[in-house]
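What follows is one structure encoded as structure tokens, with my remarks underneath.
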Amino acid sequence: MILTGKKIKEEVKKGKIVIDPFDESKINPNSYDFRLFNKIKIYKERILDVKKVNEAEEVEIPPSGFVLKQDVLYLGCTVEIMGSNFYVPIIRGRSSTARLGIFIHITADLIDIGSINRWTLMMHAVQPVKIYPYMLIGQVTFWVPKGKITLYKGKYQGSKKPMSSLAYKDFERS
Amino acid sequence: MILTGEEIKKQVKLGNIHIKPFCEELINPNSYNYRIAPELLEIEEEIIDSKNPYKTKTVWMDQQSGFMLKPHRLYLAKTYEEIGSREFVTILIGRSSVGRLGLFLQITADLGHVGCQHCWTLELKVVQPLIIYPFMKIGQVGFWINYGSKNKKYSGEYGKYSIPYPSKLYKELNK
């Protein structure tokens, strides 16, 4: 079951959903629109390796905009700190940004229950496209879980800016 | 409704979810992490024709040096695990750790069919060149509750295969 916009508002008021800052005008019939933070990360190397620490550089998106190029991966993040210990969030693009050819995640739309932070957005453009800080970039939906809840305690908890991949940590034990 | 990690574990034990091999430490708060098998298919055509079968080449990823995926190419891979359920709907997603490196695990086809139990084909595409390794945790699968009476067993084309399987759309187009 997916929450309606009205239910999202109710649950934010009760503290069962965190959206901070929260603005009622950004509620949709079944989702909430989130904005793009003004920091973006770009990997320094062209060839990435899941086993290595891939160094990334942080760039500020100026008010005059920033052009996303094809063939370059950009990590952005939401302005809002979001999450829930009661519902499962799923993020998606807005049709308005998708119509410009912007991917805001790369097959990783499911957010763990209990992951409350500025979510990292995996940005990729089909054609060059200019983006602006604080623009509405995507939307989040909330889903009812079934079963006993174990909250997320993972490696990205508490992020306040775009976080590059920590996949290399998966290989540390082996 | 989406199953929590605890519920996935319970349903695996009850036999309502099939994940083989199953490993408890791969459970997430609301999904299960799957690994990638070492076998990949490269597509050996510059232009793919949906009306014709395409040529593929099987490559085996090396455990030590891995395999570099190149941008602008499509690769077909498969999950190491057999995954499926006759009770719940499966949705195939990536992991954020892998998405943050620009690797797509499927191309807008995330919905699995109820009843289908096999090693799933993954459609890999990268934004920047990326080296990956066999048996790494690559994606996750979520399980959802059905609403409505279920069909008989899934009788689709791909469910019987446990290898990376190329598109069979040409069969439909040539009918």
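Linking Ile, Leu, Val, Met, Phe, Trp and Tyr residues whenever their side-chain heavy atoms come within less than 4.5 Å places B/Ile48 and B/Leu41 in a single cluster. Taking hydrophobic clusters as Ile, Leu, Val, Met, Phe, Trp and Tyr residues chained together by side-chain heavy-atom distances below 4.5 Å, B/Ile138 shares a cluster with A/Phe171. The cluster map of Ile, Leu, Val, Met, Phe, Trp and Tyr, joined by side-chain heavy atoms under 4.5 Å apart, puts A/Ile104 and B/Ile107 in different clusters. Taken together through direct or relayed side-chain contacts under 4.5 Å among Ile, Leu, Val, Met, Phe, Trp and Tyr, A/Trp119 and A/Phe37 form parts of separate hydrophobic clusters. B/Leu111 and A/Trp143 end up in the same hydrophobic cluster when Ile, Leu, Val, Met, Phe, Trp and Tyr side chains are linked at under 4.5 Å.
Of the listed residues (A/Glu45, A/His105, A/Lys148), the greatest number of heavy-atom pairs within a distance under 4.5 Å of chain B belongs to A/Lys148. Listed options A/Met1, A/Lys52, A/Arg46 were ranked by heavy-atom pairs under 4.5 angstrom with chain B; first place goes to A/Arg46. Chain B forms the most heavy-atom pairs under 4.5 Å with one residue out of A/Asp49, A/Leu166, A/Leu75, and that residue is A/Asp49. For the options A/Ala167, A/Ser165, A/Ala108, heavy-atom pairs under 4.5 Å to chain B are most numerous at A/Ser165. If you tally non-hydrogen atom pairs under 4.5 Å between each of A/Val144, A/Ile111, A/Leu151 and chain B, the highest count goes to A/Val144. Per-residue counts of heavy-atom pairs under 4.5 Å with chain A were compared for B/Lys70, B/His72, B/Gln140; the largest is that of B/His72. Interface summary for chain B: among A/Tyr168, A/Tyr152, A/Tyr156, the most heavy-atom pairs under 4.5 angstrom belong to A/Tyr156.
Both the backbone and the side chain of A/Met163 have a heavy atom closer than 4.5 Å to some heavy atom of chain B. Interface remark: A/Asn54 contributes side-chain atoms only to the contact with chain B (heavy atom separation under 4.5 Å). Neither the backbone nor the side chain of A/Ile91 has a heavy atom closer than 4.5 Å to any heavy atom of chain B.
Taken from CE in A/Met122 to CZ in B/Phe104, the straight-line distance is 10.5 Å, to the nearest 0.5 Å. Taking CD1 of B/Ile93 as the start and CG of A/Leu110 as the end, the distance is 4.0 Å to the nearest 0.5 Å. The OG atom of B/Ser97 lies 4.0 Å from the NZ atom of A/Lys155; values are rounded to the nearest 0.5 Å. Once rounded to the nearest 0.5 Å, the distance linking CD of B/Glu7 with OG1 of A/Thr150 reads 11.0 Å. Summarising the geometry, atom CG belonging to B/Leu103 is positioned 8.5 Å from atom CD1 belonging to A/Ile106; distances are rounded to the nearest 0.5 Å.
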Next on the checklist: Could you go through B/Asp110 and A/Thr107, starting from their C-alpha distance and side-chain angles, then the distance that decides it, and tell me whether this counts as side chain to side chain contact (heavy atoms under 4.5 Å, CB included)?
Outcome noted: CA-CA 9 Å; B/Asp110 58 351; A/Thr107 61; over 6 Å; no
Checklist entry - side chain to side chain contact (heavy atoms under 4.5 Å, CB included) between A/Lys146 and B/Phe88: does it pass, once the steps are laid out? => result CA-CA 12 Å; A/Lys146 152 100 177 130; B/Phe88 304 103; over 6 Å; no
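Shown here is B/Lys57, whose NZ atom has no more than 12 heavy atoms of other residues, nucleotides or ligands within 6.0 Å. The number of heavy atoms from other shown groups lying within 6.0 Å of NZ (A/Lys41) is above 12. Within a 6.0 Å radius of OH in B/Tyr80, no more than 12 heavy atoms belonging to other residues, nucleotides or ligands are found. Counting heavy atoms of neighbouring residues, nucleotides and ligands inside a 6.0 Å radius, atom NZ of A/Lys39 exceeds 12 of them. Atom NZ of A/Lys153 sits in a sparse spot, with 12 or fewer heavy atoms from other residues, nucleotides or ligands closer than 6.0 Å. Within a 6.0 Å radius of CD in A/Gln127, no more than 12 heavy atoms belonging to other residues, nucleotides or ligands are found.
The interface of residues 64-74 of chain A with chain B, defined by heavy-atom distances below 4.5 Å, comprises A/Asp71, A/Val72, A/Leu73. The interface of residues 120-134 of chain B with chain A, defined by heavy-atom distances below 4.5 Å, comprises B/Lys125, B/Val127, B/Gln128, B/Pro129, B/Leu130, B/Ile131, B/Ile132, B/Tyr133.
When the options B/Thr4, B/Asn30, B/Ile2 are evaluated for a side chain to side chain contact (heavy atoms under 4.5 Å, CB included) with A/Ile113, the one that passes is B/Asn30.
Residues satisfying the side chain to side chain donor-acceptor pair (under 3.5 Å) criterion with B/Asn16, sequence neighbours excluded, are B/Gln11. When the side chain to side chain donor-acceptor pair (under 3.5 Å) test is applied to A/Asp23, the partners found at least two apart in sequence or on another chain are A/Ser25, A/Lys26.
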